[in-house]
Amino acid sequence: MSMSVAAKEGTGVTQPTHAQSYRNTAQKTSVFSWLFAALCLNGMIYNEVIGSAFLYLLFIVMIVIVAAYPTAFLREFESQKAILLLLPAYALLSTLWSAVPESTARTALQAVLMIAFGVMLCRLVPAKQFVHITFLSLILAILLGFIVNRRVLDSMTNEINWSGIYYNKNSMSMIGALFGLCCAHHAMDSKRFVPIRLFYLAILPLSYVVCYSAKSIAMIVILTIGLGLMTSIYLAFLLPRRMFRSTIEQISIVIVIFSGVGFFVLSNFSGELLQLVGKSPTLTGRTVLWDWASKIIPTKFWLGWGYNGFWVQGNPLAEMLWLENHVQSRMGFHFHNLFYQSQIDLGLFGLLIVATMLSWTFLMCYRWVYYSANITSVFYFSCATVMIVSQYQDIQLFGGFGTMSLLFTIAGVYAYDFNAMERSRSSRKGNVQSSRVGGALVGSTQVSRGY
């Protein structure tokens with residue numbers, strides 16, 4: 001009998017399988033796990049500022065771990081988690097028709113590496129511990145932001161905006177919004193002492209200060225949506241457990257209704273609403289870009305221009321939009337909408353893949369909340385929701401190395417792992433019940449020796 005699945009004869013000690021050893025690494029080397037997670041997250045946070053130095057070191061560490069447990073790591077992608085690789089794989093394929101195949105391949109491989117980081121991180125650090133790591137990393141970035149106090153000129157609006165440690169306000173406001181969700185998680189955690197929970201509640205407004213300082217009305221709205229979602233589900237926890245799931249279903253229906261109403265209002269009265277808060281009706285030029293995107297999409301409808309292949313020097317359309325939006329560097333631009341940008345880069349097929357990945361992560365996180373009823377699952381569900389909503393006016397997902405891309409991947413992996421464990425538990429419970437029922441109906445299963 002295999003020693004990996006049975007106890008040694010005479011010892012009574014069960015030997016873990018190779019995969020179990022890989023999964024239990026965090027229990028054996030908790031300090032290493034925290035360092036790996038912190039290095040991974042901070043590598044994404046500061047990648048825009050100092051480059052990929054953290055991530056190169058992380059890549060070396062990951063190679064060592066994969067070399068030690070190659071089979072167990074590869075098996076992570078034998079499940080539905082292989083969906084995470086759909087977009088990077090198709091993006092890599094797009095090098096065949098991209099005008100800049102080297103850039104396309106590099107960005108696609110970065111996306112693959114980022115997903116690998118996320119999957120390994122989920123194996124090393126429990127979901128709740130990673131929220132603590134995220135909180136500490138974000139508050140450090142915010143404090144550094146106030147120290148650096150960088151202000152940059154927005155070429156689209158010709159305004160000077162506070163951007164903290166970054167070179168654009170959107171990155172800093174995203175840090176502020178995620179920080180607010182982390183504070184809400186800690187404040188709602190019933191296992192903490194009340195004074196500590198009150199402390200996190202007291203510093204939560206700092207997230208709004210960051211978003212307001214960066215003049216990001218969109219991120220303030222998105223943060224408010226996330227906190228409202230967390231609060232409504234948290235209040236559902238206070239109900240009797242038998243009422244929790246029905247309440248979650250009712251909250252879901254309300255969200256769908258409000259989303260429909262909100263989409264209608266924004267579609268028809270966005271200009272008036274933006275003027276009320278002193279913003280341009282064009283969303284600082286975004287609507288102009290979206291209009292151009294709708295005209296560009298039909299030119300390469302099915303396959304697109306190739307992943308990261310539109311905004312390249314020498315492309316007449318890109319040159320024209322850079323000139324129109326006063327982008328003197330002629331690089332690092334996008335259409336400020338994930339769905340427009342995805343269809344331009346990867347065509348209709350790419351857009352469908354993006355929609356599939358967004359839906360898969362959202363449904364995994366929703367199921368996690370529905371069946372677990374704990375504040376950590378609510379945190380990841382809220383993060384995934386606000387990330388999806390934010391892609392309406394920005395692009396922070398599926399673009400290689402990035403904080404939001406990493407967190408979105410991690411949310412999906414943690415949620416899938418919980419759901420898989422829940423299905424396994426339900427299956428075992430069902431098998432036990434079936435055996436009991438079968439025994440009661442059939443009676444003794446002893447076979448006659450004369451048979």
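Here the structure is a predicted model, which is why all the values come from computation and not from measurement.
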Taking side chain as C-beta onward, heavy atoms only, is [X] less than 4.5 Å from [Y]?
X	Y	value
Phe401	Leu113	yes
Asn170	Met174	no
Val125	Tyr414	yes
Phe130	Phe379	no
Arg151	Asn149	yes
Thr385	Leu229	yes
Trp292	Glu324	yes
Met44	Met404	no

Can His132 and Trp34 be said to form a side chain to side chain contact (heavy atoms under 4.5 Å, CB included), step by step? CA-CA 10 Å; His132 304 327; Trp34 271 69; 4.0 Å; yes
Looking at [Y], is its backbone amide N or carbonyl O close enough to the side chain of [X] to form a donor-acceptor pair, meaning the two atoms are under 3.5 Å apart?
X	Y	result
Asn42	Ile45	no
Ser94	Tyr307	yes
Ser294	Asp291	yes
Ser390	Met387	yes
Gln391	Gln396	yes
Arg197	Asp189	yes
Asn161	Lys169	no
Glu319	Gly314	yes
Thr361	Leu358	no
Thr299	Ile296	yes

Taking atom [atom1] of [X] as the centre, report whether more than 12 heavy atoms of other residues, nucleotides or ligands fall under 6.0 Å from it.
X	atom1	value
Lys295	NZ	yes
Phe301	CZ	yes
Tyr212	OH	no

Full working for side chain to side chain contact (heavy atoms under 4.5 Å, CB included) between Ile410 and Tyr380: CA-CA 9 Å; Ile410 286 172; Tyr380 286 104; 4.2 Å; yes
Nearest 0.5 Å, please: how far is [atom2] in [Y] from [atom1] in [X]?
X	Y	atom1	atom2	result
Glu48	Thr403	CD	OG1	8.5 Å
Leu84	Phe398	CG	CZ	8.5 Å
His336	Gln341	NE2	CD	9.5 Å
Ile175	Leu140	CD1	CG	10.5 Å
Ile225	Met219	CD1	CE	11.0 Å
Leu121	Leu58	CG	CG	8.5 Å

Ring-face cation contact, Tyr167 with Arg150, 6.0 Å cut, 45° max: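 Geometry flag: set, cation within 6.0 Å and 45°.
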Between [X] and [Y], which heavy-atom pair has the shortest distance, and what is it?
X	Y	value
Leu206	Ile142	CD2-CG2, 4.2 Å
Ser377	Ser372	OG-OG, 3.0 Å
Leu406	Cys40	CD2-SG, 3.8 Å
Ser342	Val354	OG-CG2, 3.6 Å
Met364	Gly412	CB-O, 4.4 Å
Phe179	Ile203	CE2-O, 3.7 Å

Would you say [Y] and [X] are linked by a side-chain donor-acceptor pair, where the criterion is simply a distance under 3.5 Å?
X	Y	answer
Asn308	Ser103	yes
Asn168	Ser163	no
Trp302	Gln343	no

Side chain to side chain contact (heavy atoms under 4.5 Å, CB included) between Tyr208 and Thr224, worked out: CA-CA 9 Å; Tyr208 281 98; Thr224 304; 2.9 Å; yes
Reference residue Thr376; test side chain to side chain donor-acceptor pair (under 3.5 Å); the match among Lys128, Gln129, His185: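 Among Lys128, Gln129, His185, the one that satisfies the side chain to side chain donor-acceptor pair (under 3.5 Å) with Thr376 is His185.
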If you take the centroid of each ring, where Trp contributes its six-membered ring, are Trp290 and Phe339 closer together than 6.0 Å?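 Judged by ring-centre distance (under 6.0 Å), Phe339 and Trp290 do not meet the cut-off.
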Report the C-alpha separation of Phe135 and Tyr200 in whole Å, then their side-chain angles, then the decisive distance to 0.1 Å, and conclude whether the ring-ring contact (aromatic ring centres under 6.0 Å, His included) test is met. CA-CA 10 Å; Phe135 171 81; Tyr200 287 115; 5.2 Å; yes
Where do Ile395 and Asn337 land on the side chain to side chain contact (heavy atoms under 4.5 Å, CB included) test, with the steps shown first? CA-CA 6 Å; Ile395 300 177; Asn337 182 291; 5.7 Å; no
Which one of Phe310, Trp97, Phe335, Trp311 satisfies the ring-ring contact (aromatic ring centres under 6.0 Å, His included) criterion with Trp305?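 Of Phe310, Trp97, Phe335, Trp311, ring-ring contact (aromatic ring centres under 6.0 Å, His included) with Trp305 is met by Phe310 alone.
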Anything under 30° is parallel, anything over 60° is perpendicular, the rest tilted; go ahead and classify Phe237 against Tyr234.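 The arrangement is perpendicular - the two ring planes meet at more than 60°.
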Quick one, Phe146 with Trp162, criterion ring-ring contact (aromatic ring centres under 6.0 Å, His included). Give me CA distance, side-chain angles, the key distance, then yes/no. CA-CA 9 Å; Phe146 286 120; Trp162 179 78; 5.2 Å; yes
